[in-house]
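Numbers restart at 1 for each chain; the letters A, B, ... are given by sequence-line order, proteins then strands. All values below come from the heavy atoms of this structure, side chains included, with hydrogens, waters and symmetry mates left out.
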Number of protein chains: 2
Amino acid sequence: MWGIVPCKYLHNFPFREGVGRQMFQGEHKNTMDAKGRVNVPASFRETLRARYGDEQVVVTRDYDGCLHAYPPKEWDRRVLANMQKLDFNDPWRRSYERFVVSPAVTCVPDKQGRILLPLSLRSFADLDKSVLFAGGAGHFEIWDITRREAQLEQDLVMLRSGPPQP
Amino acid sequence: MWGIVPCKYLHNFPFREGVGRQMFQGEHKNTMDAKGRVNVPASFRETLRARYGDEQVVVTRDYDGCLHAYPPKEWDRRVLANMQKLDFNDPWRRSYERFVVSPAVTCVPDKQGRILLPLSLRSFADLDKSVLFAGGAGHFEIWDITRREAQLEQDLVMLRSGPPQP
DNA sequence: CGAGAAGTGGGTAAATGTGGGGAATAGTCC
DNA sequence: GGACTATTCCCCACATTTACCCACTTCTCG
């Protein structure tokens, strides 16, 4: 399915659903206030609206120590559908379900564009003040800023080891 | 597919799609102003328009400490398509996504031909005043001028050691 | 040299991000 | 059950950043 995204932050080009086009772009450093609210970058919200209909996101934890946020459609397609390919008793599925699927919450930004993350997710990802939103294809990540930097060092090592052999 | 690039900075020669012709040619030293804006060399913009339809570029970081800028088409073909061959949960893909894909932003030059690079990319590449645009095949690089010079010294050593053995 | 293109600097209005007050809601303890 | 507390939601106000515009200098080329 091809379409046009009328969004100044995205390429105004035809894209193929879920394949060619990066949705959430860039790294955005925002600050979480005392109440636990953080601003979702405006460009992300615009993507959510333009491409997914509204600003809802499903937020859950990721096993690298950050949070992942998906538009509901992507959540269904990538997380749920992926998991459901496996047998109910598959141990990887059971772990995945407990760790990733269970703690998920659906957030809707307020009028200022902020979401309130539940304390459980905040403490898991060690979020307190400096929060980094990082775009991904079809989802975005929410990081504590120092944890992210440590992760990037590891990523560099991984990348320099070369891509996986098929 | 053959065509003509109507551009006074490029040779007005026929070129074969993606093979023979270098698109972004030469090194151009421009200065970034206090707001973080830099002028994209006019010849690069002309190439973007003539060959890719408009002046958008996807800018991201590169392992070597500079920024890479791709026309969206090349970005999809060279970066995204490559990545999306791998499973969502492949660790190499996750690292690649975080290091290369996440920080990418799409920039559209303003009326004067300048792009505003986000602070995260500027600080990664150590850009402040003297910025060097260097052409490449299908993309171009954006360097801090002194970092670039240091890189060139290393490149000389590498080149004199001879090409890799097959 | 003169004209046009390229590159640079700055002002202003709009968009974005941040802080905080108070009403509504839920949850807890006597 | 009723009062108290904590949390969430909704609103307004402000600081900062960005997009857009105009003016100017420098460079290139005939």
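Contact of the A/Asp62 side chain with the A/Val100 side chain is not registered, since no non-hydrogen atoms from C-beta on lie closer than 4.5 Å.
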Close N/O contacts between protein and nucleotides 11-15 of chain D (under 3.5 Å):
from   : atom 1 : to       : atom 2 : distance (Å)
D/dC11 : N4     : A/Gln112 : OE1    : 3.3
D/dC12 : N4     : A/Gln112 : NE2    : 2.6

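Smallest separation of non-hydrogen atoms from A/Ile142 and A/Leu127: CG2-CD1, 4.0 Å.
Here A/Ser43 does not reach the OP1 or OP2 of C/dA15: none of its side-chain N or O atoms lies under 4.0 Å away.
For A/Gln84, the side-chain contact (heavy atoms from CB on, under 4.5 Å) partners at least two apart in sequence or on another chain are A/Arg93. Evaluation of the ring-ring contact (aromatic ring centres under 6.0 Å, His included) rule for A/His139 yields A/His68, A/Tyr70 as partners, not counting sequence neighbours. Contacts of A/Tyr63 classified as ring-ring contact (aromatic ring centres under 6.0 Å, His included), with partners at least two apart in sequence or in another chain: none.
Put simply, CZ on B/Phe133 is 15 Å from P on C/dA6, counting in whole angstrom units.
Sorted by first and then second residue, the ring-ring contact (aromatic ring centres under 6.0 Å, His included) pairs with a member in residues 141-166 of chain B form an empty list; sequence neighbours excluded.
Fit an axis to the five pairs at each end of the helix from C/dC1-D/dG30 to C/dC30-D/dG1 and the two axes sit 30° apart, to the nearest 10 degrees.
Projected onto DNA chain D by closest heavy-atom contact, B/Lys35 and A/Pro118 fall at different nucleotides, the more 5' of which corresponds to A/Pro118.
Distances from the side chain of A/Asn39 to the nucleotides C/dT8, C/dT18, D/dA19 place C/dT18 closest.
A donor and an acceptor atom, one from each side chain of B/Ser102 and A/Glu141, are nowhere located under 3.5 Å apart. Side chain to side chain, B/Asp33 and B/Thr31 fail the donor-acceptor criterion of an N or O pair below 3.5 Å.
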